[in-house]
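Predicted model, so just to flag it, every value in this text is computed and none were measured. Quick note: residue numbers are just sequence positions, from 1. The basis for the numbers below is simple: all heavy atoms, side chains too, and nothing from hydrogens, waters or symmetry mates.
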Amino acid sequence: APATLLAPPSAVPVVAADDDDDQDPAKQICSCNDVSLGSLVSACAELGSTATYGDLKKMTKAGTGCGGCEPDVKKILAAELEKMGAEVTNHLCEHFAYSRPELVALMRTDDGLKTFESVLAKHGSGGDGCEICKPAVASILASLQNDVVLADGRAALQDTNDRSLANMQRGGSYSVVPRVPGGEILPEQLVGMGDVAKKYGLYAKITGAQRIDLFGAAKHDLPAIWEELGTVGLESGHAYGKALRTVKSCVGSSWCRYGVQNSVDFAITVENRYKGLRAPHKLKSAVSGCIRECAEAQCKDFGMIATEAGYDLYVCGNGGANPRHGALLASSIDEETVLKYIDRFLMYYVLTADRLERTARWFEKLGPNDDVRLKALQDVVINDSLGLNDEFERRMQHVVDTYHDEWAVVVADPDLRATFEKQFANTDEKQSADDMIEFVDVRGQRRPVDWPADGSPQTNWQKPSADVFARSEKSWISFGPAAEFPVSLGTPVLYGESQLAIFHTVAGEWFATQNMCPHKQAFVLAQGVVGLAGDAPKVACPLHKKQFGLADGKQLDGDLEIITFPIRIDDAGEVQLHLPPRDEVDAVLGTSKLRVTCSSMPQPTNVDPVNVNYDNTADPSLNATQVTEFAAKLHDPDVDGAGLWLAAPRLGRPHHRPHSSQISSPAASIDDVASPLLFRSLVATMPHSCSTDKPLGRPTGRPMRSPRVFPRFSGASLAPVSRLVSSFFS
């Protein structure tokens, strides 16, 4: 029966006895925000039996940083809810009352379920899905059928990276990662990658998986980049997908005097066999040529270590936040047997693991301890206890036989290629990555500036007023035929220099919003997954999954908000938006205005230079004119910013980002960093380099851009500065 495939139990992950040793309340769970186990347990108790992951995340900040702790936080939440007697399910989302393994079991036995719509209609709630179930079902379909993920309407199901066949990076640019099987690469391929990096201004870095990443590509350049890489035999490395990433190798017996098997040859064989396999989560592998283990095979999802008689096969290893040593599935087996066991093991995992569950965590659910788990896995993979090994092998062979280089398909297909190369639906104009986020030079390469911390200026953007364009004269502006806007996807358009996003839902509704996500001021919302929260259409930002209602623009899981615009389809079938004049929209949403720079200070406009009050103390206030004169007197390369603030302790700081209409600031202690507006006024012309790896030098003519890289002490005495300040304000 299909149910026998489910990794027990299917509803709630098991915390095994030997994994439950460390229950110290002080144990750190979220390193980004220093959230302990005890804090999470206390928060769960306070939230009660109706707590959700979103509630816990909002209260504790756990999971709001890099997101790596999310599985642990969810595991703790489930355990605490169970203690309270609450019903805990492992349902995929609100649209499917099944776990992923249960849904796979239903789909693998029904040949009629070949689309998301058919699966949702038969086993889900109907209507539309969400940012959780769409990619999950798309992944299952890819595992079972291995069709082109962007063809036949499947692009709308993919998560952002799969939809772009590239990993989205900070600022909305993308990375390019060619496959390098076994880490072996030809000189002409290295030259080809170098030529591409130079031509497109990409940042190059060698990864820990023996590959080369090229960062900073614009989406509209991706087809041309991959076309050039294809000429030297490079193909997609699937770094963007929940799929096999790499098979790492040492040089083995081909070069090393200690090698007992040709680990490079076998690693290339293994990688070329399983490349393109879609799975619940990413897969990593390695082949070591001897027990010295230079390729680190025992901490991979599956890895091989050479012996005189063949290979030892290890499975379910893991690095990351919760490392796990691989389990020895079989010893000293030949290459053919290794591949047969891997076929069975991988397909068993693919068909039974939960969404976003690595092999290590899946293995932990197979029994109460490692001995029981390993015996259970050996019974299935080696002894065929489920009687399904023929199916496992048949399904894996189908994946191997239907392999296709996804980027080669896009490059050769004019329609698919056009979806990348046209940045905005209504114009051939383009905005580069540099237009949206500032790039700095670091050791001879370019990278985007650091994002400010949440809550700092240039994060959590807020529109100036509830209805910022209420008094504007508006007109209906056409953006192209409705037929050019795909269903269940966002499409960016350009108005003046402002990026807007148009969404066309499965229900036939149309919505228009700004394209910038206010969280990090990144122009990416049109790349997000469109779906439903209840009956309300929404979009999930591709960067951090912030969710916004498309009808009112309000964030569903927070306090942010985006601007929405009236939209209609006219009698001629044109998509039209009811918009103010371009210059008024640009004043609020213009890309140059919202571009993230290495300054974390706001860019105030229309500020009265006389009546700005920087300090609410009883003493006379400093206004902008005085500050400007003061800055002019201090325009000396030997006067540094730190000394300036020590010499002028009255200069305060607001406790929130000031708007041009609200500049008044409460007094603050000298320990605070200076008011962003005041700081800009005082040090706007002081010498500073925006590049964080260069020391501050003499005046360069470049304005001060980053308060986080504080001007250094020059070594000169601060006494003259103090006397100057005292005399100026006496």
Side-chain angles (χ1 to χ4, degrees), residues 2 5 100-101 103-111 113-116 119 135-152 154 157-159 161-162 165 179 181-182 235-247 266-285 287 300-304 313 315-316 335-353 355-359 362 380-381 384 386 388-410:
L5 276 174
R100 182 192 178 277
L103 191 59
V104 173
L106 294 169
M107 292 172 63
R108 63 177 271 275
T109 56
D110 189 339
D111 292 336
L113 299 177
K114 295 185 179 297
T115 66
F116 174 78
V119 176
V137 173
S139 173
I140 296 170
L141 291 171
S143 298
L144 298 178
Q145 300 171 19
N146 205 31
D147 293 325
V148 178
V149 296
L150 298 184
D152 301 325
R154 287 184 287 273
L157 306 178
Q158 309 302 327
D159 212 342
N161 293 339
D162 283 297
L165 302 183
R179 185 170 296 285
E235 59 186 20
S236 171
H238 289 95
Y240 48 82
K242 301 297 185 284
L244 177 73
R245 298 293 176 83
T246 64
V247 181
F266 192 43
I268 292 172
T269 297
V270 172
E271 184 158 348
N272 284 331
R273 180 169 182 79
Y274 301 112
K275 62 185 180 183
L277 172 66
R278 299 283 170 150
H281 213 306
K282 62 186 175 184
L283 294 166
K284 296 182 179 181
S285 181
V287 182
K300 300 295 190 286
D301 295 284
F302 60 102
M304 289 67 72
L313 174 58
V315 295
C316 302
E335 292 183 0
E336 182 180 356
T337 304
V338 169
L339 295 178
K340 179 171 64 176
Y341 287 175
I342 295 174
D343 283 359
R344 298 171 180 178
F345 160 71
L346 287 179
M347 196 51 65
Y348 182 39
Y349 161 70
V350 166
L351 296 180
T352 62
R355 168 182 170 268
L356 301 181
E357 185 173 57
R358 293 292 298 271
T359 57
W362 170 78
V380 172
V381 172
D384 197 16
L386 294 179
L388 292 169
N389 282 350
D390 286 345
E391 179 184 345
F392 293 158
E393 293 173 11
R394 174 177 55 80
R395 289 190 179 279
M396 185 60 74
Q397 193 59 47
H398 172 74
V399 171
V400 174
D401 293 341
T402 56
Y403 169 76
H404 49 273
D405 174 12
E406 292 173 342
W407 266 115
V409 172
V410 170

Is there a side-chain contact (heavy atoms from CB on, under 4.5 Å) between Leu339 and Tyr274 once you walk through the steps?
CA-CA 10 Å; Leu339 295 178; Tyr274 301 112; 4.0 Å; yes
I need the minimum non-hydrogen distance between Arg154 and Val149, along with the two atoms involved.
CB-O, 3.0 Å
Looking at Glu406 and Arg278, is there a salt bridge between them, counting it only when a charged N and a carboxylate O are closer than 4.0 Å?
yes
Ion pair check, Arg273 and Asp343, cut-off under 4.0 Å
yes
Are Leu157 and Pro135 close enough that some pair of their side-chain heavy atoms sits under 4.5 Å apart?
no
Ala136 and Arg355: which non-hydrogen atoms are nearest, and at how many Å?
CB-CD, 4.2 Å
Looking at Arg108 and Glu391, is there a salt bridge between them, counting it only when a charged N and a carboxylate O are closer than 4.0 Å?
yes
With sequence neighbours left out, what residues match Tyr349 under ring-ring contact (aromatic ring centres under 6.0 Å, His included)?
Trp362
Would you indicate whether the side-chain heavy atoms of Leu351 and Phe392 approach each other to under 4.5 Å?
yes
Are the side chain of Asn161 and the backbone of Leu165 linked by a donor-acceptor contact shorter than 3.5 Å?
no
Can you give me the closest heavy-atom contact between Leu356 and Lys242, atom names plus distance?
CD2-CE, 3.6 Å
From Asp405 CG over to His238 NE2, what is the distance, rounded to the nearest 0.5 angstrom?
7.5 Å
Nearest heavy-atom neighbours spanning Lys282 and Asp301
O-OD2, 3.8 Å
Met304 side chain reached by Ser285 side chain, heavy atoms, under 4.5 Å
yes
Separation between CG (Leu386) and OH (Tyr348), nearest 0.5 Å, reads 5.5 Å
Taking all non-hydrogen atoms of both residues into account, name the closest pair between Ser139 and Ala279 and its distance.
OG-O, 3.4 Å
Taking atom CE of Met347 and atom CZ of Arg394, what is their separation to the nearest 0.5 Å?
9.5 Å
Approximate separation, where rounding is to 0.5 Å, of Thr359 OG1 and Leu346 CG
9.0 Å
Close side-chain approach of Val350 and Leu144, heavy atoms under 4.5 Å
no
Run Ile342 and Leu313 through side-chain contact (heavy atoms from CB on, under 4.5 Å) and show every step you take.
CA-CA 9 Å; Ile342 295 174; Leu313 174 58; 4.1 Å; yes
Can Thr352 and Val104 be said to form a side-chain contact (heavy atoms from CB on, under 4.5 Å), step by step?
CA-CA 7 Å; Thr352 62; Val104 173; over 6 Å; no
Test your reading of the model: is there a side-chain donor-acceptor pair from Asn146 to the backbone of Leu277, 3.5 Å cut-off?
no
At what distance, to the nearest 0.5 angstrom, does CG of Leu244 lie from CZ of Arg179?
5.5 Å
Would a 4.5 Å heavy-atom cut-off, applied to side chains only, mark Arg344 and Val380 as touching?
no
Under 3.5 Å, is there a donor on one side chain and an acceptor on the other for Tyr240 and Gln158?
no
Should Glu393 and Gln397 be marked as a side-chain contact (heavy atoms from CB on, under 4.5 Å) after you check the CA-CA gap, both sets of side-chain angles, and the distance that decides it?
CA-CA 6 Å; Glu393 293 173 11; Gln397 193 59 47; over 6 Å; no
Can you give me the closest heavy-atom contact between Gly182 and Ala267, atom names plus distance?
CA-CB, 4.0 Å
To the nearest 0.5 Å, tell me how far Lys114 NZ sits from Gln145 CD.
4.5 Å
Tell me whether Lys284 at atom NZ has more than 12 heavy atoms from other residues, nucleotides or ligands lying less than 6.0 Å away.
no
Taking the side chain as C-beta and beyond, is there a heavy-atom pair between Val137 and Leu103 under 4.5 Å?
yes
Under the rule for ring-ring contact (aromatic ring centres under 6.0 Å, His included), what residues qualify as partners of Tyr341, not counting sequence neighbours?
none
